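Structure first, commentary second.
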Amino acid sequence: MKVSFDLDEVLFVKPDTYETEPPLRFPYNRLYPERLRKGTVKLIHDLQADGVEVWVYTSSFRTTVYIKALFRHYGVKFDDIVNGYRHREEVQGKRQQPVPQKVPNFYRISLHIDDEDGVVKNAPMYGFRAMQVYDPDDEWADKVLAEARRVRKLEEGQTDK
C-alpha cells in the first residue's frame, strides 16, 4: 500500500497558524525555511512501521534532492517523490488534453493526502482515493493513520474476492 502527501499546506505549514515540529538548527533553518506540521515525523514513521510506502506527490517544482535533504534532517525518508517536473513528464507526457494536477493512481498510490478542494473532488472522477487535510487540527495525524488503515482493509477485502 502507498500513501502520498502534498507538501504545501499539508506537511509544510505556517508557524503563525499551525503548531509545527521544532525548527532545524542553524544553518539548516536558512537552507530549508519550510516548517513541518506538528505530528508529521511520527505519522510518517507510524505509516512505515505499518508497512506502508510513503510518498510525496506535490505540484510544486522543488527538486527531489531538496525534498529528500530537508526531510533527512528530521529523520524521514520517503519511498518516492513526485514533483511538478516528474508529473509533467510522466503523467501529462505528450497528451494534448491537460490532466489534473495530481493523478495518484497513475503511481498505484492507494491514498493521497491534500489540502486542495479540486484534488479531492477529482478523486472519484479519476479513480483515486483522497483525504483532505487543511485546517489546524491536533488530531490530523491520527485521522490520516486511521484512514490509511481503513483503505488498507478495503484493498485487502477487494483482493480476497
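Everything quoted here is computed from the prediction, not taken from an experiment.
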Look at the rings of [X] and [Y] and say which category their plane angle falls in: under 30° parallel, 30 to 60° tilted, over 60° perpendicular.
X: Tyr28; Y: Tyr32; answer: parallel
X: Tyr107; Y: Trp55; answer: tilted
X: Tyr57; Y: His112; answer: perpendicular

Open item on the list: How long is the straight-line distance from NZ of Lys68 back to NE2 of His73, given to the nearest 0.5 Å?
Closed with: 14.0 Å

Can you find a heavy atom in the side chain of [X] that is under 4.5 Å from one in the side chain of [Y]?
X: Phe12; Y: Leu36; value: yes
X: Glu116; Y: Glu9; value: no
X: Thr58; Y: Val82; value: no
X: Asp114; Y: Phe5; value: no
X: Lys2; Y: Asp79; value: no
X: Asp80; Y: Glu53; value: no
X: Gln48; Y: Val52; value: no
X: Asp138; Y: Lys38; value: no

- [ ] Can you spot which of Asn29, Thr20, Thr40 makes a side-chain hydrogen bond (donor to acceptor under 3.5 Å, both in side chains) with Arg35?
- [x] Thr20

Is the side chain of [X] donor-acceptor paired with the backbone N or O of [Y] at a distance under 3.5 Å, no angle test?
X: Arg152; Y: Ser110; answer: no
X: Asp115; Y: Val10; answer: no
X: Asn105; Y: Arg108; answer: no
X: Asn122; Y: Pro100; answer: no

Can you give me the closest heavy-atom contact between [X] and [Y], atom names plus distance?
X: Ala123; Y: Ala130; answer: CB-CB, 3.9 Å
X: Leu43; Y: Ala141; answer: CD1-O, 3.5 Å
X: Gly39; Y: Trp140; answer: C-CZ2, 4.1 Å
X: Tyr74; Y: Pro22; answer: OH-O, 3.1 Å

Short N-O contact, [X] and [Y], less than 4.0 angstrom:
X: Asp137; Y: Arg37; result: no
X: Arg150; Y: Glu147; result: yes
X: Glu155; Y: Arg129; result: yes
X: Arg62; Y: Asp8; result: yes
X: Lys102; Y: Asp6; result: yes

